[in-house]
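Let me give you the structure first, and then I'll get to my questions.
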Number of protein chains: 2
Amino acid sequence: MTKASPSAGDRKRLSPEERRAMIVAGATAYFSEVGLEGNTRELSKRLGVTQSLIFNYFSTKTDLLEAVYRAVYLDRISPDWPALIADRSRPIHDRALTFYREYTQAIFSYEWMRIFMFSGLAGAELNRRYLEHVSRLLLRPLMEEFRSAAPGPRKPEMEDIWNLHGGIIYIGIRRYVYQVPCPDDQDPAIRAAVGRFVDAFDIPCEQACQTVPSLPDGKAQANADITTR
Amino acid sequence: MTKASPSAGDRKRLSPEERRAMIVAGATAYFSEVGLEGNTRELSKRLGVTQSLIFNYFSTKTDLLEAVYRAVYLDRISPDWPALIADRSRPIHDRALTFYREYTQAIFSYEWMRIFMFSGLAGAELNRRYLEHVSRLLLRPLMEEFRSAAPGPRKPEMEDIWNLHGGIIYIGIRRYVYQVPCPDDQDPAIRAAVGRFVDAFDIPCEQACQTVPSLPDGKAQANADITTR
DNA sequence: ATTCTTATTGATCAAATGATCTATTGCGTT
DNA sequence: AACGCAATAGATCATTTGATCAATAAGAAT
C-alpha cells in the first residue's frame, strides 16, 4: 500500500500536476470504497497530506468528485469497438464474444464498478449519458448485426440485447458491489452467455465454433486475471 | 402523499406501534431515495414530526436503519418457491418462468432495489446472507431441475444460472438504480430470457409453450416510459 | 550560502448532524 | 371538568465536516 504518514517531518513538494494526479488517484480509491460522501479528512490521511491541501487543488469537494468521475470514465470505451462490431468479415458470434471480453476487461475493476454504482444511485447525469452512449454506439449496432445474421424470423429486440448485456455485467456486480464469491476467471461464463444468445437466434456457427467452444467442460478455471482490488 | 407539516398546532398522538411503523415506512422511502447517510432532520421533516421523536423510538440511527432493513427484506422470499421449483409435474420451463415472474414482482420496487444496492455497496452482511439464501434455496435447486430436464450432455453450471438470474435482475437495476427508460412491462423480456435459457439446453417444450401466459399480459411491450416510482 | 517562490501545513470558522434532556400537551380515565 | 400518564416538541450539546487563511519550509535559482 502507499505510505500513509499523515504529518511528520517528511514534507514533500510535488509539482502541481503530480500532486493533483495523486489526489485524484487517492480519491478514486477512497470514494470507490466508502462512497461519494466519504470525508476529506479521512482521504487526506490516506494520502499522507493535510486536509487543507486538497482544497488547494480542488475548490470544492464536488470539484474533486468530478475529477474522479472524469478519471474513471475517461477512455473506458474503446473507439475500436464500433468497427469490431460492424466487421461482417467475422462471424457475429466471434465479434460479440471479443467485444464482451474486451469490455469486461475495461470496466470490471473495483473502482469503476463501484463508482459507477454510487453515482448511478446518486442520479448522476453522467451515468445516464454513459448508458445512452453504450446503447447507441455499441448495443444497438450489436443488435443490428445479430438481426442481420439471424436466418429465421426470430430476431433480437433491444431488450434481448440488454438481457445479454445485463447477464454479463451482473458478474461484475456480484464481485465488486455485493462482494460475494465469484470464479476468478469469468471468461467461461461470458463464452457460455454469448454462445446461448447466438444459438437462440439460429445463427449458423461457421468457423467461430471451432475456435470458441460454446460450452465450458468443467469448473476448473485456470487463470485469475482480475483481482478483487 | 402524506402530510408533511413539520411543526404546527397539529400535534397528533399515535400509539407507539403506529408511530414506529410510520417512522420505519418514512425512513424506508427516504433512505432508499437519498442513501443510507441521509440525515434524521430531513427525515423528520418529511414525516412531519420533530427530529428528537425519531430518537424516542430508535436509540440510534443504526437501530433505525436495521429496522428499515428488516422491513424491506422481510417476507420477500416466498416459502412456496422451493416447492414450485421442485414440482416435476410441471415443465421446468413453466416453473422457471413462473418463479421469475413472481420473484421480480416481489423485489422490483424502488425501495427494495435501491436499499439492497446501497447496503450492498456498504458491505452489509445482510446482503451476503440474502444472496447466499437465494443461491442455496432457489438458484441451486433451479440448476438441479434444469440439469435433470436436460436430455443431452450440456447441462448448466451455477454460473449459467447466475447469468440467467443477472440478466433478469439487471432490468430492475436499469429501472430503479440507473433510472434509465425501460419498458413498462418487463414480462416479455423475462419470457424471452427464460425461453432462450431453456432452448440452450435442448429441453423439450412439452405443453409449457402453450400454457405459459399465467399472468394477464398486456400488450404494452414497445412502450418505453420511465416509471421510477 | 542566501534568497525567493510557492507547495504545504496548522489553526480555525461555520454549518451540519447524531444524540440528549426537559418542557409541553394530547387524550384516555375518573 | 379535572387529572395524570406518556407521546411529542423545543432547546441544546458534542462531533463531524467542508472550507478558509496566515504561517512555514522545501527546493530551485542566484
Side-chain angles (χ1 to χ4, degrees), chain A residues 2-28 30-69 118-119 122 124, chain B residues 2-28 30-31 33-69 118-119 122:
Chain A
T2 55
K3 71 117 185 290
S5 18
S7 66
D10 57 340
R11 180 190 282 190
K12 292 278 181 58
R13 283 167 74 103
L14 298 186
S15 74
E17 299 76 37
E18 284 176 309
R19 183 62 79 191
R20 194 183 163 91
M22 173 196 175
I23 291 175
V24 171
T28 302
Y30 173 62
F31 289 125
S32 71
E33 184 180 330
V34 307
L36 308 182
E37 334 74 16
N39 62 77
T40 55
R41 277 180 176 78
E42 175 66 22
L43 169 59
S44 70
K45 265 185 207 161
R46 298 203 188 187
L47 289 170
V49 300
T50 55
Q51 181 237 4
S52 57
L53 186 65
I54 296 172
F55 287 93
N56 213 301
Y57 290 90
F58 302 92
S59 63
T60 175
K61 188 189 162 187
T62 305
D63 268 13
L64 173 59
L65 280 176
E66 276 167 17
V68 168
Y69 287 152
F118 277 123
S119 61
Chain B
T2 56
K3 68 117 187 290
S5 19
S7 65
D10 57 339
R11 182 190 280 190
K12 292 280 181 59
R13 282 167 75 101
L14 299 185
S15 74
E17 300 76 35
E18 284 174 309
R19 181 62 79 189
R20 196 182 161 91
M22 174 196 175
I23 292 175
V24 171
T28 302
Y30 173 62
F31 288 125
E33 183 180 329
V34 305
L36 307 181
E37 335 73 19
N39 61 77
T40 54
R41 277 180 175 78
E42 175 66 21
L43 169 59
S44 70
K45 264 184 208 163
R46 297 203 189 188
L47 289 168
V49 299
T50 55
Q51 181 234 6
S52 59
L53 186 65
I54 295 172
F55 288 93
N56 213 299
Y57 289 90
F58 302 92
S59 64
T60 175
K61 187 189 163 187
T62 305
D63 268 13
L64 173 59
L65 280 176
E66 277 168 15
V68 168
Y69 288 152
F118 277 123
S119 61

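The sequence lines fix the lettering, A, B, ..., with proteins before strands; numbering per chain opens at 1. Quantities reported herein were computed from a predicted structural model and do not represent experimental measurements.
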Check: Between A:Arg20 (side chain) and A:Tyr57 (backbone), is there a donor-acceptor pair under 3.5 Å?
Finding: yes
Note to self: Ignoring hydrogens and geometry beyond distance, is the side chain of B:Arg11 in donor-acceptor contact with the base of C:dT24 at under 3.5 Å?
What the structure shows: yes
Note to self: Is it the case that the side chain of A:Lys61 and the backbone of A:Gly38 share a donor-acceptor pair, with hydrogens and angles ignored and the cut-off at 3.5 Å?
What the structure shows: yes
Check: At under 4.0 Å, does any side-chain N or O of B:Asn39 touch on OP1 or OP2 of C:dT17?
Finding: yes
Checklist line | End axis versus end axis in the helix from C:dA1-D:dT30 to C:dT30-D:dA1, the angle rounded to 10°, five pairs used at each terminus | finding: 0°
Checklist line | Residue pair A:Tyr30 / A:Val68, side-chain heavy-atom distance below 4.5 Å | finding: no
Notebook entry, point to check: To the nearest Å, how far apart are B:Arg13 CZ and D:dA9 P?
Noted result: 11 Å
Margin query: Do A:Arg19 and A:Val49 make a side-chain contact, defined as non-hydrogen atoms from C-beta onward lying under 4.5 Å apart?
Written below: yes
Checklist line | B:Pro16 or B:Ser52, whichever maps to the more 5' nucleotide of DNA chain D | finding: B:Pro16
Margin query: Between B:Thr50 and D:dG10, is there a contact of a side-chain N or O with OP1 or OP2 at under 4.0 Å?
Written below: no
Check: Phosphate oxygens OP1/OP2 of D:dT8: is one of them under 4.0 Å from a side-chain N or O of B:Arg19?
Finding: yes
Next item on the list: Within residues 56-68 of chain B, find the residues that approach DNA chain D with a heavy atom at under 4.0 Å, and present them sorted by residue number.
Entry: B:Asn56, B:Tyr57
Can you pull every protein N or O that's under 3.5 Å from an N or O on nucleotides 12-14 of chain C?
none

Check: Would you call B:Lys12 and B:Glu18 a salt bridge, using N to O less than 4.0 angstrom?
Finding: no
